[in-house]
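One structure is given below, encoded as structure tokens.
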Protein chains: 2
Amino acid sequence: MKESLIETTYSTEWSGIWQVLGCKWTFHILRFLAVQDAQFNQIQTAIDGLPASTLSTRLKALEEERIVSRTVEDSSPPTVEYSLTEKGTELAAIIEQIEELESRYA
Amino acid sequence: MKESLIETTYSTEWSGIWQVLGCKWTFHILRFLAVQDAQFNQIQTAIDGLPASTLSTRLKALEEERIVSRTVEDSSPPTVEYSLTEKGTELAAIIEQIEELESRYA
DNA sequence: CCGTATCCCCTAGGATACTG
DNA sequence: CAGTATCCTAGGGGATACGG
């Protein structure tokens, strides 16, 4: 019996990525950004029912996880764009697999 | 335009699978069951810190999503075994991809 | 236009105790 | 062994209002 193995394998931390993935709206935000880069308001109006406060919180969490990146463009007026990072793009692809899985077993 | 529809459902569904995937401990439970079928107590003791009440709730949700199946074996004493369904096995594999993704970008 | 702060309610989930 | 019942609190998330 390898107690050390059991410890290291199953006492793992509650990873931040799961925390944010499980949050409401995350899934919709990622799917939207997978299709197109977008500004805050574009996301908010595209996803019906999503409150600005929640979007704000969620984008910050996704940034921390390096799933989404925030770019300020120095135009006039300056605009802010959100897009998926490379990690985020890969993640979105995996998420689609889960969607596909669900529809297959529906 | 059906405003009533928008009001009642926010137009886009919050899929049950995401709800349970995002819950704490779900990830650990799935990983454990991917390695071996197990009884209630085996799962609980293997995963450090997981309360019985939470495990109970989680297993029920996972059953509803057809991710985990519950089998009562008619021995004496009768035992209850939890295992991944085919859907659950596929899901576990996808989840591993996310883990792999995380470690790759860590 | 691009958000953040605040308030408030409701549910998740941990501790504990108890049943078949 | 295999759970369920209860209680309690911490945080998610919606509405609203406000700052840059």
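Letters go in sequence order (proteins before strands), and every chain restarts at 1. Here the structure is a predicted model, which is why all the values come from computation and not from measurement.
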Q) Just how far, in rounded Å, is C1' of D:dG12 from CG of A:L55? A) 15 Å

Q: Kindly compute the distance separating NE2 (A:H28) from CG (A:D48), expressed to the nearest 0.5 Å.
A: 10.5 Å

(Q) For A:E63, give me all partners under salt bridge (Lys or Arg N to Asp or Glu O under 4.0 Å), at least two apart in sequence or on another chain. (A) none

Q: Would you mind building the protein contact string for nucleotides 8-14 of chain C? One character per nucleotide, 5' to 3', B for base within reach (heavy atoms under 4.0 Å), S for sugar-phosphate only, - for untouched.
A: -----SS

Q | Distance, rounded to the nearest Å, where A:H28 contributes NE2 and D:dG14 contributes C1' | A | 15 Å

Q: Determine whether B:I47 and B:I43 make a side-chain contact, defined as any pair of heavy atoms from C-beta on separated by less than 4.5 Å.
A: yes

Q.
Between A:E81 and A:R70 (salt bridge meaning N to carboxylate O under 4.0 Å), is one present in this structure?
A. no

Output one line per pair: protein atom, nucleotide atom from nucleotides 1-3 of chain C, and distance, for all N/O pairs under 3.5 Å.
from, atom 1, to, atom 2, distance (Å)
C:dC1, OP2, A:N41, ND2, 3.0
C:dC2, OP1, A:Q39, OE1, 2.4
C:dC2, OP2, A:Q39, OE1, 3.4
C:dG3, OP1, A:R70, NH2, 2.6
C:dG3, OP1, A:Y82, OH, 3.2
C:dG3, OP2, A:Y82, OH, 3.2

Q | salt bridge (Lys or Arg N to Asp or Glu O under 4.0 Å) partners for B:E65, two or more places apart | A | none

Q. For B:E64, which residues count as a salt bridge (Lys or Arg N to Asp or Glu O under 4.0 Å) partner, sequence neighbours excluded?
A. none

Q | Shortest non-hydrogen contact between A:R58 and A:I29, atoms and distance | A | CG-CD1, 3.7 Å

**Q.** Non-neighbouring partners of B:S69 that pass side-chain hydrogen bond (donor to acceptor under 3.5 Å, both in side chains), sequence neighbours left out
**A.** B:S83

